[in-house]
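Residue numbers count from 1 along this sequence. Counting convention: from 1, in listed order, for ligands and their atoms alike.
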Amino acid sequence: MSLMPATQIPLGGPDLPQQRRLVTELPGPRSAEILARKADAVPSGVGHTVPVAAVAAGGGIVVDADGNALIDLGSGIAVTSVGNAHPKVAAAIAAQAAQFTHTCFMISPYESYIAVAEALNRLTPGAFAKKTALFNSGAEAVENAIKIARKYTGRAAVAAFDHGYHGRTNLTMALTAKAMPYKSGFGPFAPEIYRAPMSYPFRDGLTGPQAAERAITQLEKQVGADNLAAVIIEPIQGEGGFIVPADGFLNRIQDWCRANGIVFIADEVQTGFARTGRMFASEIFGIEPDLVTTAKGIAAGLPLAAVTGRAEIMDASHPGGLGGTYGGNPIACAAALAAIDIFENDGVIERAQQIGALLKGRLTAIQAQDARIGDIRGHGAMIAVEFVDPQTGAPDAALTAAVARACIAQGVIILTCGTFGNIIRFLPPLSIGDALLNEGIDILTAALAAQ
Ligand code: PMP
C-alpha cells in the first residue's frame, strides 16, 4: 500500500504535518479548561465524543488546544470529505465573505445558489428534468422533502424504516427510529409517520425481494398505498448502523412507489458526495429517486442542504411555500461550488474507493482472527464493523464502546453507531493518506486484542 496514492488530494489546513502526535494525555490541560467552561455554559444534552478542543484540522489530522494531533476517522460525521479547510474551499469562502455575506435568496437572489442547484440537478441520479431548493441542515432538507411530497400528492402518510435516522427536528424525530438518545422524552411527535421493516442481511437473512415484500405488505395492510405521500429511506443507513440493504430491495420499493403514486425519497445526507465511492449511493443500487436530500459533504463544513428532484414534484408548492432566511447562504454556496469542483475533478471518488479497499482488506484480516467481528460492510469510505457475541451473535455494545474509548485515548477519532450501539464506523476525510489510515487500524487492532 503506497503512502501517498496518486489521487491524494491537496491537504487542507495550515500545513499540518500528517502525523499522530500525543504530547499530553487526553484531554490535556488547555482542552480540560475549555471543556470545563463547556460544562458550565452549554447544556449537557449537547454531548461530545472526543474530549479535546479542536484548533486546526486538515488532511487526516485534527489538532487540539494542547498541540495533540489526532487521526481523523470521522470527518465531523461525514462532512469534511474533501478535507478540512481545503485551500480551494477556504479561498472561495474568503472571496465571497469579502463581497457579501447575505441578502436572503428570497429577497435578492444571487447566481451561486442557482449554480449549486444546476450542479445538483446534473449530478443526482436520473436523466429527467429536475429542480433544487437549498436549506441549512439535513433535517431541514428532509422536512422540506416531506412538505413537497405531501403537496404534490395531496396525501398525508409517510413511511420510514427501522434503524432509519433523519434528524432531530420534530418531524424528523418522528421519522427517526431510535428512541435513545434521539427521541426519548421529546414527544409528542408529528403524526402520520409509519415504520416499515428494513432489509438487514446480516440479521434477517432475507434476500432483497423478500425483505421488500415484507415491508410492502406491512405498509399496504397497516397504512394503505393510496394514503402514502412518500417513502423515505437512506440507501445505506448511517446512524442506524451502516446497514446496506440486500440487492434488489431498494429497486422493488422504488417500483412499488412508482406503481402507487408514492414519492420515493432517498435521504443521501450521509451517503452523498463521493462518500460511498460513487457521487451518490443511489448509483450503487441503480435507483433513481424522485427526490434526493443532501447536506454534510456538499459544502465541506459550511451549513448547506438541498432537496433535488423531479421538476413537476418540486414545482408543486405555491410561490413562497418553500424557503427560509438563510437557506442557500452565499458563503455556503461558494464553499459548495468549490467542493463540487473538487468532487468532480480531483479524483475524490477514486480515493473513496481506494480507502474502502484498504479498510475492508485490513478489517477482514482482523476478522479472520477474531470472531467478535460479526460483519464488515459498507462502500467506499463508509465502512463499518459490527461487534457480536461469537456464541450467540447478540450485539456487543460494551465491547464496541470499550474499543472506541481506547482508540480515542490513543488519539484516533473513531465513531460508533447502530440501533444496538455495536457498530464502529469509519468515515475518514477522503484527503487522508494511507499511512494514517493504517496507523488508525493498527491502534484499533491493539485495542480490540486488549479487551
Ligand atoms: N439524514 C441522515 C441520513 C443523516 O445522517 C443526518 C445526520 N446524521 C440527517 C439526516 C440530519 O442532518 P443534520 O444533522 O444536518 O440536520
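Side-chain atoms of Arg425 and Gln270 include a donor-acceptor pair closer than 3.5 Å. Residues Lys178 and His163 have side chains that never bring a donor and an acceptor to within less than 3.5 angstrom of each other.
Listed by chain and number, the residues in a side-chain contact (heavy atoms from CB on, under 4.5 Å) with Phe100 are Gln96, Thr103, Tyr110, Pro330 (sequence neighbours excluded).
Counting heavy atoms under 4.0 Å from ligand 1, residue Ala295 does not touch it at all. In Glu140, neither the side chain nor the backbone holds a heavy atom less than 4.0 Å from any atom of ligand 1. With a 4.0 Å cut-off on non-hydrogen atoms, Glu268 does not touch ligand 1 at all. The backbone of His166, and not its side chain, has at least one atom closer than 4.0 Å to an atom of ligand 1 (non-hydrogen atoms only; backbone = N, CA, C, O).
Taking the charged nitrogens against the carboxylate oxygens, Arg351 and Asp346 have no contact shorter than 4.0 Å, which rules out a salt bridge. Under 4.0 Å is where a charged nitrogen must lie from a carboxylate oxygen, and between Glu192 and Arg155 no such pair does. Using a cutoff of 4.0 Å between basic side-chain nitrogens and carboxylate oxygens, Glu386 and Arg203 are scored as salt-bridged.
For ligand 1, the polar-atom distance check finds no N/O of Val269 at less than 3.5 Å from any of the ligand's N/O atoms. Any N or O atom pair closer than 3.5 Å counts here, and Glu234 shares no such pair with ligand 1. Remark: ligand 1 and Ala139 share an N or O pair separated by less than 3.5 Å (distance only, no angle test).
Inter-residue side-chain proximity for Asn329 and Tyr113 is flagged as unmet; no heavy-atom pair is nearer than 4.5 Å.
Of the listed residues (Gly238, Gly240, Gly138, Gly167), the one carrying the non-hydrogen atom nearest atom 12 (O) of ligand 1 is Gly138.
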**Request:** Evaluate ring pair (Phe, Tyr, Trp, His ring centres under 6.0 Å) for Phe105 paired with Tyr326, printing each intermediate quantity in order.
**Result:** CA-CA 8 Å; Phe105 189 76; Tyr326 296 117; over 10 Å; no
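Atoms of ligand 1 lying under 4.0 Å from any heavy atom of Ser137, numbered from 1 in the order shown and given with element: 15 (O), 16 (O). Counting the atoms of ligand 1 from 1 in the order shown, those under 4.0 Å from a heavy atom of Asp267 are 1 (N), 2 (C), 3 (C), 10 (C). Annotation for ligand 1: atoms under 4.0 Å from non-hydrogen atoms of Lys296 are 5 (O), 6 (C), 7 (C), 8 (N). The atoms of ligand 1 that sit less than 4.0 Å from any heavy atom of Gln270 are 5 (O), 8 (N).
Distance remark: protein heavy atom present below 4.0 angstrom from atom 8 (N) of ligand 1.
Closest approach of Ile313 to Leu291, counting heavy atoms only: CG2-CD2, 4.0 Å.
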